[in-house]
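Taking it in order: structure first as structure tokens, then the write-up.
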Amino acid sequence: MLDFPLKYQVACIVLTALFVWSFSVAREPRGWRRLFQSLFSKSDEFSVNKNKMIDESLKKYGIIVAMVILVADVSCFVWGITNRYRVAAEQMTSEDWSRLQEHQKLNSSQGL
């Protein structure tokens, strides 16, 4: 069974949700822009050219942000999976390390 600490699980869930949301904004920016404008903007401030420029910027930068979040999500997942091995390596004494190195030398000399 995997030893996957809770803090890494929560971080992966949050980052995955952020990735899905940012990717959906990047794929369909018009609906998200309209929602934002209806909540925070006056109706007389709308401009077709400005809206098109906003949509293109959302699409361009949204994909970049989504990919950065995806890389962070995968990194967090790998960091959580390898947590058990990193903790075990930190707790090893110098005698344990020397035994491990000798074992590795024997295995390499035997061709294993």
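All heavy atoms count here, side chains included; hydrogens, waters and symmetry mates do not.
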Do Val68 and Leu18 share a hydrophobic cluster, counting only Ile, Leu, Val, Met, Phe, Trp and Tyr and linking them when any side-chain heavy atoms are less than 4.5 Å apart? no
Looking only at non-hydrogen atoms, find the nearest pair between Arg86 and Gly80 and report the distance. NH2-N, 4.5 Å
Which heavy atom of Pro29 sits nearest a heavy atom of Lys59, and at what distance? CD-CE, 4.1 Å
Is the closest side-chain heavy-atom distance between Val65 and Phe23 below 4.5 Å? no
Any link between Val74 and Met67 through a network of hydrophobic side chains (Ile, Leu, Val, Met, Phe, Trp, Tyr) touching at under 4.5 Å? yes
Look up atom CG in Leu15 and atom OG in Ser22, then write down how far apart they are to the nearest 0.5 Å. 10.0 Å
For the residue pair Leu6 and Gln9, establish whether any side-chain heavy-atom pair is separated by less than 4.5 Å. yes
Can you list the steps and then say if Arg99 with Glu95 is a salt bridge (charged side-chain N to carboxylate O under 4.0 Å, His left out)? CA-CA 6 Å; Arg99 242 186 278 142; Glu95 185 178 305; 2.7 Å; yes
Side chain to side chain, Leu100 and Met92, heavy atoms closer than 4.5 Å: yes
Given the rule that I, L, V, M, F, W and Y join up when any side-chain heavy atoms are under 4.5 Å apart, are Phe19 and Val10 in one cluster? yes
Could you tell me whether the side chain of Tyr8 reaches within less than 4.5 Å of the side chain of Phe77, counting heavy atoms only? no
Check the hydrophobic clustering (I, L, V, M, F, W, Y; side-chain heavy atoms under 4.5 Å; chains of links allowed) and say if Trp79 and Tyr85 are grouped together. no
With under 30° as parallel and over 60° as perpendicular, where do the rings of Trp32 and Trp21 fit, or are they tilted in between? perpendicular
Could you report the tightest heavy-atom contact between Cys12 and Thr16, atom names first, then the distance? O-OG1, 2.7 Å
Taking Arg30 for its side chain and Asn51 for its backbone only, find out whether a donor-acceptor pair lies under 3.5 Å. no
Under a 4.5 Å cut-off applied to non-hydrogen side-chain atoms, are Phe4 and Arg84 in contact? no
Path from Tyr61 to Leu58 over hydrophobic side-chain contacts below 4.5 Å: no
Which one of Arg33, Arg27, Lys50 satisfies the salt bridge (Lys or Arg N to Asp or Glu O under 4.0 Å) criterion with Asp55? Arg33
